[in-house]
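Values reported hereafter were calculated over all heavy atoms of this structure, with side chains retained and with hydrogens, waters and symmetry mates removed. Residue numbers start from 1 in every chain, and the chains themselves are labelled A, B, ... in the order their sequence lines are given, proteins ahead of strands.
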Amino acid sequence: MYNFTEIEQKWQKIWDDNQTFRATDDFTKPKFMALVEFPYPSGQGLHVGHPRSYTALDIVARKKRLDGYNVLYPMGWDAFGLPTENFAIKNKIHPKTVTKNNIANFKRQLKSLGFSFDWSREIDTTDPNYYKWTQWIFLQLFKKGLAYKKEMAVNWCTSCKVVLANEEVVQGACERCGSEVVRKVKSQWMLKITEYAQRLIDDLDEVDYIDRVKAQQKNWIGRSTGAEVDFTTTAGEKLRVYTTRPDTLFGATYMVISPEHPNIEKWADKLENLDEIRAYQIDATKKSDFERTELQKEKTGVELKGVRAINPVNQKEIPIFVSDYVLMSYGTGAIMAVPAHDERDWAFAKAFNLPIIQVVAGGDVETAPYTDVEEGILENSGFLNGLSVAEAKKAIIEYLEKEKLGEAKVNYKLRDWVFSRQRYWGEPIPIVHCEKCGAVALPESELPLLLPEVDSYEPTDNGESPLANMTDWVNTTCPCCGGPAKRETDTMPQWAGSSWYFLRYMDPHNNDALASKEALEYWGPVDWYNGGMEHTTLHLLYSRFWHKFLYDIGVVPTKEPYAKRTSHGMILGENGEKMSKSRGNVVNPDDIVRDYGADTMRLYEMFIGDFEKAAPWSQQGIKGCVRFLERVYALLDMIQETSTGKLEKELHKTIKKVSSDIESLKFNTGIASLMSLLNAIYDNRGLTKEELKIFITLLNPFAPHLTEEMWQLLGFDGMLNQTSWPKYDEAKTVDNECEIVIQLNGKIKEKLVIAANLSKEEIEKAVMETDVVKAMIDGKTIVKVIVVPGKLVNIVVK
RNA sequence: GCGGAUGUGGCGGAAUUGGCAGACGCGCUAGACUUAGGAUCUAGUGAUUUUAUCGUGGGGGUUCAAGUCCCUUCAUCCGCACCA
């Protein structure tokens with residue numbers, strides 16, 4: 001039995017005192033930067049899910065140090081955000097204080113797990129020395145025209161009078177008070193991420209991300225090709241639509257515009273049923289985009305009476321509807337509806353008894369829309385008749401462009417990034433609004449623009465940020481003309497600070513730049529970034545966007561921030577459900593460290609299952625890891641003077657297996673191979689000191705405290721973590737003999753041990769000569785014999 | 001709904017990518033040692049009607065050979081833009 005508490009505290013102190021894991025700024029050494037998503041320091045403290053990712057890359061970082069790299073494995077705090085603010089409001093404590101306390105607790109918890117973070121580079125997004133540079137990046141975006149203001153719909157609680165996050169809206173009602181939530185239009189700061197859409201897709205080819213991450217990024221960006229087409233209307237104004245199926249233009253039997261479409265206002269005096277339309281628009285404000293676009297929901301809408309559209313290819317007059325399934329945020333906010341060949345148009349047409357004209361042959365469009373684009377041939381489509389869908393697309397676009405009726409268009413589902421929050425606990429946006437000059441950038445010399453102290457963090461009655469009430473702070477002078485002006489009172493979203501934090505780790509104390517050129521060139525790009533799948537679309541995309549922008553303005557030397565991205569699965573509660581307070585299945589890492597030790601906790605989280613998949617926690621399962629470590633510790637009493645030689649092959653195989661498993665995230669099988677080796681050592685009744693040295697070195701990244709202690713007790717010099725990773729001899733990992741399975745018609749009949757170096761012919765000969773096989777094939781015709789060296793021989797008979 | 005994934009013993013999971021299904025661990029069973037214990041050690045442990053047959057969510061297919069490839073179907077999980 002080893003005293004894990006004593007050993008772990010001892011080594012944590014030694015590592016701390018010696019700054020053992022500090023990355024050096026010796027830019028001549030080969031470098032390795034390992035990155036994990038920095039946590040949001042919530043009041044609940046560390047979740048057992050955090051150490052899953054942190055342990056994994058800690059293992060990678062520790063192994064890379066043993067491989068001779070100058071390793072940077074940093075940690076920090078993504079500390080701005082809504083929960084802290086809400087907690088502060090409820091408990092009347094300043095968010096700054098809440099954050100400070102939470103960080104202290106998180107840091108204590110992380111230290112107790114023995115991670116090899118370089119704490120000298122700790123960062124905090126709420127530190128003015130940090131957010132100075134977040135604000136600086138925003139100013140550069142603003143100067144390049146990539147930050148702009150736009151009217152956007154927000155969730156508005158009619159009772160609390162605050163803007164709500166989508167998450168705070170539960171089934172159309174406010175999560176806190178249960179009152180109705182409506183969509184309210186507000187002027188918001190936006191960032192033009194759409195300008196980078198194509199590059200965000202293209203450059204995925206240059207990086208090593210796991211496939212599902214790339215797939216989700218691409219799908220989120222949602223590139224589609226099609227055309228924009230102008231329809232004339234009886235009201236005069238043209239109505240422009242975006243369609244991915246311009247080939248079906250002859251099949252358009254009606255049009256649909258979104259409830260927010262500006263033409264409704266333009267046509268107001270011509271619309272005979274304006275009241276009905278207005279009522280529908282109000283209804284639409286109560287729904288989220290998600291609800292509006294659900295395919296299965298019943299289609300609703302109102303026909304615009306008094307204005308009709310004219311199909312540009314056949315001059316047919318068709319009705320225009322307003323319906324919530326068309327979103328203003330995608331395409332042009334208006335569509336041509338081709339019910340014969342689109343699911344949603346078909347459902348709408350059926351609900352409103354609109355004509356369905358088939359223009360692509362195949363399928364029965366009265367019973368279901370025909371959406372196959374591979375096989376169909378155009379019909380009922382004038383000059384397009386007889387063409388395939390692909391040919392028709394090309395032909396119609398040529399026609400539209402020639403006749404100036406429209407043009408080819410690439411569209412992205414990706415929308416610009418809503419960057420304003422009407423909240424206190426975020427980075428102030430460094431903009432001044434002047435009546436004469438408009439929105440003016442704060443001079444860089446005035447950064448950081450500090451978050452002022454306020455008495456109340458509650459949003460104001462009209463939904464403005466709490467900062468709006470601070471007249472002393474708000475009223476300022478225009479940096480441009482010197483006249484009276486007002487500061488922007490919205491703050492930035494939490495995503496801002498986390499979009500560039502990895503760069504700050506490279507040079508965290510720099511006062512003149514977000515990081516020095518030398519540091520950025522040396523450390524960038526991040527060699528390996530691990531995080532949750534839940535950050536695959538937003539955080540990852542936002543930070544890639546900022547990085548590309550910084551590349552464009554010459555701040556960073558690489559196009560992409562992360563060379564490699566992997567993702568871990570969630571750790572679920574014992575009942576297989578997501579851990580949450582309300583479900584009562586939360587496991588506190590502190591309890592595990594106290595009862596079993598940090599090494600056991602680390603080992604268990606790595607052994608729990610496939611790193612990339614979700615896995616339920618098991619209090620029973622931990623015991624296997626405790627036993628393993630205790631049996632390892634007991635090896636100190638099993639030292640042999642001379643080697644039996646029986647462990648050599650197993651040792652070489654294990655070095656190979658553990659080395660490759662760490663690189664490929666297969667920590668569970670790596671540990672399993674160490675367990676097998678330990679079993680072999682016990683079978684051998686001990687091992688030599690040199691053999692034990694290899695064993696504890698392999699285990700060191702997983703269980704750093706125990707192995708460091710054993711290193712010392714064995715009398716080796718210095719610290720284990722500063723030695724080197726063992727090497728294996730490929731020749732010594734290969735078996736001389738192997739077992740061949742003999743199958744008859746694919747069924748296993750017999751096993752045979754033969755030399756491993758036999759050729760196919762020799763194997764077949766050896767197998768066919770055995771008595772069992774002779775008896776087996778007696779009186780049967782051999783159709784063929786399949787020989788897989790090292791594996792099996794399958795005899796096919798009739 | 002859209003997008004991404006997953007489904008293998010009582011449980012967590014292995015399976016060199018088409019070649020012995022169930023490595024490793026938990027649990028369980030029996031035994032040993034015991035001033036008896038939720039400790040340690042040893043052996044066993046997919047199922048069944050046990051010379052064998054069946055078995056990787058269900059159904060179908062390709063192949064000498066399928067957990068792995070194809071078609072189809074069901075179930076579960078993650079994300080969906082102001083939670084982070």
Check: A:Pro369 and A:Asp345 side chains under 4.5 Å, non-hydrogen atoms
no

Of the candidate nucleotides B:rC80, B:rC82, B:rC64, which contains the atom at the shortest distance from the side chain of A:Asn794?
B:rC64

Do the side chains of A:Lys657 and A:Glu650 get close enough for a salt bridge, i.e. N-O under 4.0 angstrom?
no

Pairwise C1' distance, B:rG19 and B:rC69 [rounded to whole Å]
14 Å

Regarding B:rU16, can its base be found pairing with the side chain of A:Lys791 as donor and acceptor, where the two atoms are less than 3.5 Å apart?
yes

What is the nucleic acid contact for A:Glu37, judged by heavy atoms within less than 4.0 Å: base, sugar-phosphate only, or nothing?
nothing

Provide the Watson-Crick or G-U wobble partner of B:rA32, both distances under 3.5 Å; none if there is no partner.
B:rU40

In whole angstroms, how far is the P atom of B:rG79 from the CH2 atom of A:Trp495?
11 Å

Going by a 90° cut-off around 0, is B:rU17 syn or anti?
syn

Protein-nucleotides 27-33 of chain B N/O pairs under 3.5 Å:
residue	atom	partner	partner atom	Å
B:rG27	OP1	A:Gln620	OE1	3.2
B:rG27	OP2	A:Arg627	NH1	3.4

What does A:Leu792 touch in the nucleic acid at a heavy-atom separation under 4.0 angstrom: a base, only the sugar-phosphate, or nothing?
base

Proximity to the side chain of A:Pro616 - top-ranked nucleotide from B:rC82, B:rC24, B:rG12
B:rG12

With heavy atoms under 4.0 Å as the rule, sort A:Gln743 into base, sugar-phosphate or nothing.
base

Please classify the nucleic acid contact of A:Phe607 as base, sugar-phosphate, or nothing, using heavy-atom distances under 4.0 Å.
base

Looking only at the side chains, is there a donor atom on one of A:Tyr330 and A:Ser224 sitting less than 3.5 Å from an acceptor on the other?
yes

P atom, B:rU40 versus B:rC26: distance in rounded Å?
9 Å

With a non-hydrogen cut-off below 4.0 angstrom, is A:His539 in contact with a base, only sugar-phosphate, or nothing?
nothing

Between A:Asp490 and A:Ser420 (side chain of the first, backbone of the second, donor and acceptor by atom type, cut-off under 3.5 Å), is there such a pair?
no

Can you tell me the pairing partner of B:rA14 across any strand shown, Watson-Crick or G-U wobble, with both distances under 3.5 angstrom?
none

Just name whichever nucleotide pairs with B:rC77, Watson-Crick or G-U, keeping both distances under 3.5 Å, else none.
B:rG4

Could you check whether A:Lys413 gets within reach of a base, just the sugar-phosphate, or nothing at all, counting any heavy atom under 4.0 Å?
base

Expressed in angstrom and rounded to an integer, what is the separation of A:Leu699 atom CG from B:rC24 atom P?
18 Å

Applying a 4.0 Å non-hydrogen cut-off, can you work out what A:Lys218 is touching in the nucleic acid: base, sugar-phosphate, or nothing?
nothing

Under 6.0 Å between ring centres, would you say that holds for A:Trp617 and A:Tyr604?
yes

A:Asp610 has its side chain closest, among B:rC82, B:rA14, B:rC54, to B:rA14

For B:rU48, does the O4'-C1'-N9-C4 or O4'-C1'-N1-C2 angle fall within 90° of 0, making it syn, or is it anti?
anti

It should be established whether A:Asn219 places a side-chain nitrogen or oxygen under 4.0 Å from OP1 or OP2 of nucleotide B:rC80.
no

Spacing between A:Leu191 atom CG and B:rA81 atom P, to the nearest angstrom:
17 Å

If pairing means Watson-Crick or G-U wobble with both distances under 3.5 Å, then the partner of B:rA47 is B:rU53

Would you indicate what A:Ile608 reaches in the nucleic acid, counting non-hydrogen atoms under 4.0 angstrom: base, sugar-phosphate, or nothing?
sugar-phosphate

Would you indicate what A:Leu82 reaches in the nucleic acid, counting non-hydrogen atoms under 4.0 angstrom: base, sugar-phosphate, or nothing?
sugar-phosphate

Does A:Trp417 reach a base, just sugar-phosphate, or nothing at all? Heavy atoms under 4.0 Å.
nothing

Short side-chain N/O contact to B:rA81 OP1/OP2 from A:Arg415, under 4.0 Å:
no

Salt bridge flag under 4.0 Å for residues A:Arg565 and A:Glu37
yes

Between the CZ atom in A:Phe695 and the CD1 atom in A:Ile681, the distance rounded to the nearest 0.5 Å is 5.0 Å

Taking any heavy-atom pair under 4.0 Å as a contact, classify A:Ile671: base, sugar-phosphate, or nothing.
nothing

Is there side-chain contact between A:Trp417 and A:Pro493, with at least one heavy-atom pair below 4.5 Å?
yes

Could you please name the option among B:rG4, B:rA15, B:rC82 that lies closest to any side-chain atom of A:Gln188?
B:rC82

For RNA chain B, whose closest nucleotide is more 5', that of A:Lys578 or that of A:Cys625?
A:Cys625

Is there a side-chain contact between A:Leu538 and A:Trp220 in this structure, where contact means two heavy atoms from C-beta onward sitting under 4.5 Å apart?
yes

Without swapping roles, check the side chain of A:Ser567 against the backbone of A:Gly531 for a donor-acceptor pair under 3.5 Å.
yes

Gap between atoms CG and C1', on A:Asp661 and B:rG13 respectively (whole Å):
14 Å

With a 4.0 Å cutoff (strictly under), does any side-chain N or O of A:Asn668 reach OP1 or OP2 of B:rA14?
yes

Which sits closer to the 5' end of RNA chain B, A:Tyr604 or A:Pro83, going by the nucleotide each is nearest to?
A:Tyr604

Separation of the P atoms in B:rG13 and B:rU62, to the nearest angstrom
33 Å

What is the distance from NZ of A:Lys613 to C1' of B:rC77, rounded to the nearest Å?
13 Å

Paired with B:rA65: which nucleotide, if any, by Watson-Crick or G-U wobble criteria at under 3.5 Å for both distances?
none

Any A:Arg212 side-chain nitrogen or oxygen under 4.0 Å from OP1 or OP2 of B:rC78:
no

Across the strands shown, which category fits A:Ser618 at heavy-atom distances under 4.0 angstrom: base, sugar-phosphate, nothing?
nothing

Contact class for A:Ser420 (heavy atom, under 4.0 Å): base, sugar-phosphate, or nothing?
base

So A:Val741, base contact, sugar-phosphate only, or nothing? Heavy-atom distance under 4.0 Å.
base

Rounding to a whole Å, what distance do you find between A:Phe611:CZ and B:rU6:P?
16 Å

Charged N to carboxylate O under 4.0 angstrom, A:Lys149 versus A:Glu488?
yes

In terms of relative ring orientation, are A:Trp77 and A:Phe106 parallel, tilted or perpendicular, with 30° and 60° separating the classes?
perpendicular

Quantified in whole Å, what is the C1' atom distance between nucleotide B:rC70 and nucleotide B:rC82?
44 Å

Expressed in angstrom and rounded to an integer, what is the separation of A:Gln216 atom CD from B:rC77 atom C1'?
12 Å

Can B:rG9 be described as syn, meaning its chi torsion is within 90° of 0, or is it anti?
syn

